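Worth saying up front: this structure is predicted, and the values here are computed from it rather than measured. Residue numbering restarts at 1 for every chain, and letters A, B, ... go by the order of the sequence lines.
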Amino acid sequence: MSSHREIEEKWRSRWETSRVFEADPDPKKQKVFVTFPYPYMNGPLHVGHAFTATRVDVYARFRRMQGYNVLWPWGWHWTGQPLLGASQRVAKGDEAYIRVLREVDGVPEEELKRFVDPLYMAQYYTNEGRAIARRIGFSVDWRREFTTVWPTYQKFIEWQYANLREKGYVTKGTHPVVWCPKDKSPTGDHDRQIGEGVTPEEYVLIKYKLDEKTFLPAATFRPETIYGVTNMWINPDADYVEASVNGETWIVSGEAAEKLKEQERSVEVKRSFKGRELIGKTFENPLTHKRFPILPGWFVDAKTATGVVYSVPAHAPFDWLALRDLQQKPEVLQEFNVDVAMVQAIKPISLIKVEGYGDYPAVEIVVEMGIKDQHDSKADEATKALYKKEFHGGVLKENCGAYAGKSVREAKDTLILDFKQMGVADRMYDLPEPVVCRCMTPCIVKVLSDQWFLNYSDAQWKAQAKAVVAQMRICPESAKPWFYTVIDWLKEWACARTTGFGTPLPWGQGWIIETLSDSTVYMAFYTVNKHIRQNDIKPESLTREVFDYVFLGKNNPEELAKETGITADLLREMRAEFLYWYPLDLRNSAKELVPNHLTFCIFHHAALFPPEHWPRAMGVNGMLMIEGKQMHKSKGNFITMKGAVDKYGADATRCALLLGAEGMDDPDWRAENALDIQGKFESLLGFTGNILAGAKDPEVGPLERWLQSRLQRRIGEVTAALEELKTRTALQSALFDTWNDIRYYIQRKEKADSATLNEAVKVWLKLLAPFAPYLCEEAWSKTGDAGFISLAAWPQMDPAKVDVAAEEQENFIADVIEDTLNILRATKIAPKRVCFYVAVPWKQIIFRKILEKAVAGEAKIGEVMKALAADPMVKPHMKEAAALAPKVIKALTKLSGERKANLLQLKELDEKAILQSAVGFLKDRFNAEVSVFGEDDQDRYDPKNRAALAMSNQPAIFVE
RNA sequence: GCAGGGGUCGCCGAGCAUGGUCAAAGGCGUAGGCUUCAGGAGCCUAUCCUGUAGAGGUUCGUGGGUUCAAAUCCCACCCCCUGCACCA
């Protein structure tokens, strides 16, 4: 196996024997507590986990080197449904699935057999996961580890829910779900054969009266249109029933009657009949008590909602089209014995005023879009377009009773509420598209009753959650508004279910706590789990009162000791440990968890803990892509963490991931990049080794000062980036930019033996250590400095070492090289000789005068000339100065503000000396003889008279 | 549909908050040279177009606008990614 493996094993075992990542409270040190959402253990850790967790690890390592006491714990998520499902698929002998386990996850045959036990499966993946998390170099304190089915953890969850309930955040209610009648369980997206993403829609049922005791509940999304009803549509060929629904007599489709049974209603079908029986009868609008006819509508789908639809031809294209059809085809009406004249007299009733349309928008849009009849596919499109337009921009007209003058948008919700109160409206759920369960059974909507909810709708709770966000740092900052949006958007969340692994709801028989709801404040549990494990505290001792003491400071440890058998000292220690580590300093996850887990974490902290224990920062990052595509086991592009680390080594895997992206952008894993980094690291080890082993010349000249100065900037950049969790920026600066500086120094110096370089390499290794810890430990061991680099002091930026003069000197050389190369490129000369001519002193005065003006604001030519004329040195050369000044002004516009300020601040650069000192370097660079002259040197070689073109900061150049 | 994030020179990606310093960092790829050489790797140079002197031209999703000046600000449009609830 390659060398990275040996190095990794060596340092990992040294870290572990020295317990460098085990963190205990230390009052002398400031703490940093970082976490990563525990991964779900129905499969192996993959490179997506690696990406997110590496960001946490880099931050942990960075803070640790800065001298903080860093706690970075880890846990494993076992509660929930998928683990059971996975195990069952193995038990059933699902070939495709087993092949994935074998080939992608790399599960050995003898283990695979035991996966029929879901807990065994979880344990297997947990063991594998722990091993690879260690191998990739995560600096975790493993003493605090747990899985979510441990009884001690479940006691913690019980504590959490007892307190949440007491504070009124857990409520009971009903909830519609997509339901498989065969499995008798909710059918989540992942359990569906057909209909992914389909959710129940709530229809408003307007209870029109057929007669004094019989209702026709017509389904609609637009209850406000009740004011514009002109008739009812019934499909004459569909089956309808008369049924007793919660004691009332309803007429609905046969399908609807069945559906209503699952929606908390007692339904008793009295008789069945064809829709045509109703045609020609009349019904009463319950608001206006006017009566309207029931007409035949074949477009009415009995499978949708109640199969009863009311007609608003002014605003609904379908209604208008169907009505027009009938008006034009009296023979149809005659067949049903309907009074033709009466139908032909029906006029649309306008009730919504909307910009761009007159009284009858439906009529207009039908003409506008050239829709022929109700079978035209464009009719659907027109319906949607008009609905949207009227909802967003429509205002209810004066015929809309109490809602007249209000916008549709603002009136709708209150209107529904009012109608329900008046007994005019009811509701029904239905699916907008078919959903079929994996077991091939068509799904329905079921309203679950006695459901437990976390009441995220609670306005006060929302306000508290926002207060948490307000005091929190979000990385990147741009994600902060998203959290506020999510807090507003969240509503009641069903927090208990009946299947899967989980903690039983303390007060609810047969309910277990839903998994996203049991994983919200467990970071607190890490702080004390060390004691629970080390002292083998039994779950029954972990009463609510104990946790109330540990986390909230309630109760008396002496009394608790008597009741639970946990000593008072240990209880105090646990309390102290919690107080030391809390609050959480950083939680980082992928962005998909913002709308659920991370925001839940915020809500629950707000509910349970005082403000001083609210989380301080959260980081979110993108979703890892593989070679530009989403990673999926089924797509064959699934890369496990183990696979990557085996192939490329821990350091290269970490860095290839981090270089992919930062912020909320999705990083892309490319095998090519990982391979490249791996190669770079191999050569880096040799590169630094040679320098560290080489001679150490103590001389400190301009180049050494330059190197030190650049290094200060790199330290500043890396530190600032890491503080904001900009791991990509930080790594780029630490790896590539710093390396380039060092390479430049060596090239420019033409040797690599200075003590400064030696020190620079040490700083470099430290900057790199959080990212590539193994490599850096190995290289560090060659420095002669004792100890782990993982615990070495993070470099401090020293402003005194920032040397503007040294940097400007190199900038000057770089500019000269660029100009020269430009000339060579344009002339296509392969030079034998390159000559530079440095400007005479009075030109330098011109340069500085213009520079002063440019830095102050704007260099205007008139003012410049005035100032120049006043200078005794320049005065004799005014004619040349007049030609030179505009060129200098132009040249200066190309320099950054910072550089201009630096140049002004410096004494003049001795351009001639600088160039002369770099002759050897320039010679190599151009592969030619290099000479440096003063512009007016008597003995200069200047066959084309270029010297006179010299400007300050821009020597004249001659190549041949 | 709603919400959030994006579209930059072969690819990946900085930069856009505080307009000029932007033909636009860095990495990858590609080409040439050097070194080494079983293999690979390393180092240097070049990499939008044009140009016999340090220059000019055309670019930053599309179309408009503001400005002396726009990748950067404003408006409209197109496209991509993510999430949308009982599920981790």
Distance check needed: B:rA53 P versus A:Ile817 CD1, whole Å only. 22 Å
Residues in side chain to side chain donor-acceptor pair (under 3.5 Å) contact with A:Ser589, at least two apart in sequence or another chain: none
Looking only at B:rU52, B:rA55, B:rG54, the nucleotide nearest the A:Lys828 side chain is B:rU52
Most 5' of A:Lys680 and A:Glu960 on RNA chain B, judged by nearest nucleotide: A:Lys680
Base-contact (B) and sugar-phosphate-only (S) positions in nucleotides 1-14 of chain B, heavy-atom cut-off under 4.0 Å, - elsewhere: --SSS-----SSSS
Base-pairing mate for B:rG63 - Watson-Crick or G-U, with both contacts under 3.5 Å: B:rC75
Is there a donor and acceptor pair, one atom on the side chain of A:Asp819 and one on the base of B:rG54, closer than 3.5 Å? yes
Under 4.0 Å, heavy atoms only, any strand: does A:Lys726 hit a base, just the sugar-phosphate, or nothing? nothing
Verify the contact: side-chain N or O of A:Ser683 to OP1 or OP2 of B:rA41, cut-off strictly under 4.0 Å; return yes or no. no
Between N or O atoms, less than 3.5 Å apart, protein on one side and nucleotides 45-47 of chain B on the other: list the pairs.
none

Taking OP1 and OP2 of B:rA25, is either one under 4.0 Å from a side-chain nitrogen or oxygen of A:Asn740? no
Suppose we screen for side chain to side chain donor-acceptor pair (under 3.5 Å). Which residues come up paired with A:Asp666, at least two apart in sequence or across chains? A:Lys591
Rounded C1' spacing from B:rU67 to B:rC75 in Å: 16 Å
By the 4.0 Å heavy-atom rule, please label A:Pro37 as base, sugar-phosphate, or nothing. nothing
Picking from B:rG26, B:rC28, B:rC44, which would you name as closest to the side chain of A:Arg743? B:rC44
Can you check the distance between B:rA53 and B:rU62, where both ends of the measurement are the P atom (answer in whole Å)? 34 Å
Using a heavy-atom cut-off of under 4.0 Å over every strand shown, decide if A:Thr820 touches base, sugar-phosphate, or nothing. nothing
Quick one: sort the A:Trp739 and A:Trp764 rings into parallel, tilted or perpendicular, breaks at 30° and 60°. tilted
Can you list everything that forms a ring-ring contact (aromatic ring centres under 6.0 Å, His included) with A:Phe771? Sequence neighbours excluded, please. none
Please state whether the rings of A:His49 and A:Phe36 are parallel, tilted or perpendicular, taking 30° and 60° as the class boundaries. perpendicular
Looking at A:Arg728 and A:Leu659, would you say the former's side chain and the latter's main chain have a donor-acceptor pair under 3.5 Å? yes
What integer number of Å spans the P atoms of B:rC60 and B:rA71? 7 Å
By side chain to side chain donor-acceptor pair (under 3.5 Å) - contacts of A:Arg670 (at least two apart): A:Asp668
Interatomic distance at C1', B:rU58 relative to B:rA24, whole Å: 14 Å
Of all residues at least two apart in sequence or in a different chain, which pass the salt bridge (Lys or Arg N to Asp or Glu O under 4.0 Å) check with A:Asp665? none
Spacing of the P atoms in B:rG20 and B:rC73 (rounded, Å): 11 Å
Measuring only the C1' atom in each nucleotide, how far is B:rU59 from B:rG10? A whole number of Å is fine. 15 Å
Does B:rC9 pair with anything, Watson-Crick or G-U wobble, both distances under 3.5 Å, and if so, with which nucleotide? none
Touch class at under 4.0 angstrom, heavy-atom based, for A:Gly80 against every strand present: sugar-phosphate
I want to know whether A:Trp669 and A:Tyr648 have ring centres closer than 6.0 Å. yes
A:Ile677 vs A:Ala956, nearer the 5' end of RNA chain B by closest nucleotide: A:Ile677
If you look at every strand shown and take non-hydrogen atoms under 4.0 Å, does A:His597 touch a base, only sugar-phosphate, or nothing? nothing
Whole angstrom is fine here: how far is it from NZ in A:Lys944 over to P in B:rA53? 10 Å
Just the rounded figure in Å: distance from P of B:rC44 to CZ of A:Phe921. 10 Å
Is it true that A:Tyr38 and A:Tyr522 have ring centroids separated by less than 6.0 Å? yes
Measure from the side chain of A:Ala826, starting at C-beta and using heavy atoms only, and say which of B:rG26, B:rA88, B:rG51 lies closest. B:rG51
Which heavy atom in A:Phe453 sits nearest to a heavy atom in A:Thr174, and how many Å separate them? CZ-O, 3.4 Å
Side-chain contact check for A:Lys890: nearest option of B:rA88, B:rG56, B:rG54 is B:rG56
Now, which nucleotide makes the Watson-Crick or G-U wobble pair with B:rA31, with each of the two distances under 3.5 Å? B:rU45
Who passes side chain to side chain donor-acceptor pair (under 3.5 Å) against A:Lys633, sequence neighbours left out? A:Asp105
Quote, to the nearest angstrom, the C1' distance that separates B:rU72 from B:rG15. 8 Å
Partner nucleotide, any strand, of B:rU36 [Watson-Crick/G-U, under 3.5 Å]: none
In whole Å, measure the gap between the C1' atoms of B:rA17 and B:rC12 for me. 24 Å
Kindly point out which of B:rC28, B:rA53, B:rG26 is positioned nearest to the side chain of A:Val959? B:rA53
Which nucleotide wins on minimum distance to the side chain of A:Phe736, given the candidates B:rA88, B:rG26, B:rG54? B:rG26
Tell which nucleotide pairs with B:rA17, taking only Watson-Crick or G-U wobble pairs whose two distances are both under 3.5 angstrom. none
Using Watson-Crick or G-U wobble geometry with both distances below 3.5 Å, tell me the partner of B:rU52, or none. none
Output all residues satisfying salt bridge (Lys or Arg N to Asp or Glu O under 4.0 Å) with A:Lys462, sequence neighbours left out; order by chain, then residue number. none
Between B:rA55, B:rG83, B:rG29, spot the one nearest the side chain of A:Asp676, thanks. B:rG29
May I ask which nucleotide in the shown strands pairs with B:rA3, Watson-Crick or G-U wobble, both distances under 3.5 Å? B:rU82
Distance-only criterion, 3.5 Å: show the donor-acceptor pairs between side-chain atoms of residues 950-960 of chain A and protein atoms not counting sequence neighbours.
| from | atom 1 | to | atom 2 | distance (Å) |
| --- | --- | --- | --- | --- |
| A:Glu960 | OE1 | A:Tyr941 | OH | 3.1 |
| A:Glu960 | OE2 | A:Tyr941 | OH | 2.9 |

Categorize A:Phe687 for me: base, sugar-phosphate, or nothing, with a 4.0 angstrom heavy-atom threshold over every strand shown. nothing
Whole angstroms only, please: what is the CD1-C1' distance between A:Ile957 and B:rU52? 15 Å
To the nearest Å, how far apart are A:Met623 CE and B:rC81 C1'? 10 Å
With sequence neighbours excluded, what pairs up with A:Arg89 under the salt bridge (Lys or Arg N to Asp or Glu O under 4.0 Å) test? A:Asp94
Find every protein N or O atom lying less than 3.5 Å from an N or O atom of nucleotides 59-61 of chain B, and list the pairs.
none

From the list B:rG54, B:rA85, B:rU82, which nucleotide is the closest neighbour of the side chain of A:Gln630? B:rU82
Would you find more than 12 non-hydrogen atoms of other residues, nucleotides or ligands less than 6.0 Å from A:Lys726 atom NZ? no
